[in-house]
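Everything on this sheet refers to the single structure shown next.
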Amino acid sequence: MTKEFARHRRLRSSQGIRRLVRENTWHVDNLVYPMFVQEGLAHKEEIAAMPGVFHYGLDEFRREIAALSELNIPGIILFGLPAQKDDESSEAYNDEGIVQQAIRVAKKENPDLVVMTDVCLCQYNPAGHCGIVRNGKIVNDDSLTLIAKTALSHAAAGADIVAPSDMMDGRVQAIRSLLDDEGFTDVTILSYAVKYASAFYGPFREAAHSAPAFGDRRTYQMDPANVREAIREATSDLAEGADMLMVKPALSYLDVTRQIRELTSVPIATYNVSAEYSMVKAAAAKGWIDERAIVGEMMTSFRRAGADFILTYHAPDLARWEREARGE
Ligand code: PBG
């Protein structure tokens, strides 16, 4: 009797076969851990809407870097909470600012840790916008100078990778040319090229004290309805000199990650943002989901969509779970 239908189940019939034919995996090597450092904080404080994620004072931060290094997590991305905010966002590019100090601490504690920094102004000015505000408008070109200065001061403190998240036009070019002029030709730019105006950033804004004081971010962050526009953003950032691109948020934008993957061969990151984390934690706390399985499946889906690496608050848990699964 001839076969009349395909036997797909043959390739799923045992754990060994499933392992052999598995197309996508995630590993601790693909993870970057976002961290919040707060100026003047004595210890650490848990962020209410993000259980297990903390604001760190510098001493606690040093201890946490040691723990992360022990878990073999390859990289972190830093966000700063300055003690003062002003209209010029001057703490963003203060060489003794909280992020600049944290970079030095991290590099001293573990020189092999890849230290990335979020380059943005929203945590540093009272308006809470990612660029400079004039007459109620977020002005583009004048913001570039400050954003480039911020990236330069991170590079000077020892950052390996600067990641502009402000979504002003031309910032990759402004950063690249200032870094090159100042001799930081090896500092890498990971552009938040495709960043949507998303409600999934809600818990982060509480965490970073960066909610806009007026209006919203829709004149600079992208409309969640658009994907051709993502191609334009990615294309122009590559032309301006971005070494790597990011798609953000991750979970609701897997199709966008796939399209950017097909557009370019440069490394792509995706940011598994705050509300994606909070939703998992809340449901897990209620006992409604299997947290490990859900988070693992999410990471696999980001890799399947085409992301090389993932910025995720779950990174330390994932590293521990991976270790446990190997029986260590
Ligand atoms: C700052 C910035 C934001 C996030 C990363 N960098 C917030 C925003 O743009 O409003 C979000 C990260 C998260 O939600 O986990 N521009």
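In each ligand, atom 1 is the first atom listed, and ligand 1 is the first ligand listed. Since this is a predicted model, take the numbers as computed values, not measurements.
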Could you work out, for atom 6 (N) of ligand 1, the closest of Val53, Thr312, Asp118, Val273 by heavy-atom distance? Asp118
For Lys195, the ligand 1 atoms with a heavy-atom partner under 4.0 Å come out as 1 (C), 2 (C), 3 (C), 6 (N), 8 (C), 9 (O), 16 (N)
Numbered atoms of ligand 1 (with element) below 4.0 Å of Cys122, judged on heavy atoms: 1 (C), 16 (N)
Would you mind telling me if ligand 1 is within reach of the side chain of Phe79, the backbone, both or neither, using heavy atoms under 4.0 Å? side chain
Atom 8 (C) of ligand 1: the protein heavy-atom neighbour that sits closest, reported with distance to 0.1 Å: Arg217 NE, 3.5 Å
Donor + acceptor pair across side chains of Gln123, Ser210 (<3.5 Å): no
May I ask you to check whether Asp118 and Ser165 show a side-chain donor-acceptor distance below 3.5 Å? yes
Examine Ser210 against ligand 1 and note whether any of their N/O atoms are separated by less than 3.5 Å. no
Output the list of atoms in ligand 1 that are nearer than 4.0 Å to some heavy atom of Cys130, sorted by atom number. 16 (N)
Show the atoms of ligand 1 that are less than 4.0 angstrom away from any heavy atom in Lys248. 2 (C), 3 (C), 4 (C), 5 (C), 6 (N), 11 (C), 12 (C)
I'd like to check whether Gln123 has a polar contact with ligand 1, where a contact means an N/O of the residue lying under 3.5 Å from an N/O of the ligand. no
Can you spot which of Leu78, Asp160, Val162 makes a side-chain contact (heavy atoms from CB on, under 4.5 Å) with His154? Val162
For atom CD of Gln84, decide whether the heavy atoms of other residues, nucleotides or ligands shown that lie under 6.0 angstrom number more than 12. no
Ligand 1 atoms in contact with Arg205 (distance to a heavy atom under 4.0 Å): 8 (C), 10 (O)
Pair Lys281 + Glu291, salt bridge at N-O below 4.0 Å: yes
Would you tell me which option among Tyr220, Tyr201, Tyr271, Phe204 has the nearest heavy-atom contact to atom 3 (C) of ligand 1? Phe204
In terms of hydrophobic clustering (I, L, V, M, F, W, Y; side-chain heavy atoms under 4.5 Å; direct or indirect links), are Val227 and Leu245 co-clustered? yes
Could you tell me if any non-hydrogen atom of Glu276 lies under 4.0 Å from any atom of ligand 1? no
Mind checking whether Phe302 and Phe309 have ring centres under 6.0 Å apart? no
Verify whether one side chain among His129 and Tyr220 offers a donor that lies under 3.5 Å from an acceptor in the other. yes
Mark up the atoms of ligand 1 that fall under 4.0 Å of a heavy atom belonging to Tyr313, in ascending order. 12 (C), 13 (C), 15 (O)
Under-4.0 Å heavy-atom contact with ligand 1, by part of Ser274 that carries it: both
For atom CZ of Arg9, is the number of surrounding heavy atoms from other residues, nucleotides or ligands below 6.0 Å larger than 12? no
Considering the heavy atoms of Cys120, write down every atom of ligand 1 situated less than 4.0 Å from one of them. 16 (N)
Using a distance-only test with no angle check, is there a side-chain donor-acceptor pair under 3.5 angstrom linking Ser89 and Asn125? yes
Mark the output for Met167 as yes if a heavy-atom distance to ligand 1 is under 4.0 Å, and as no if none is. no
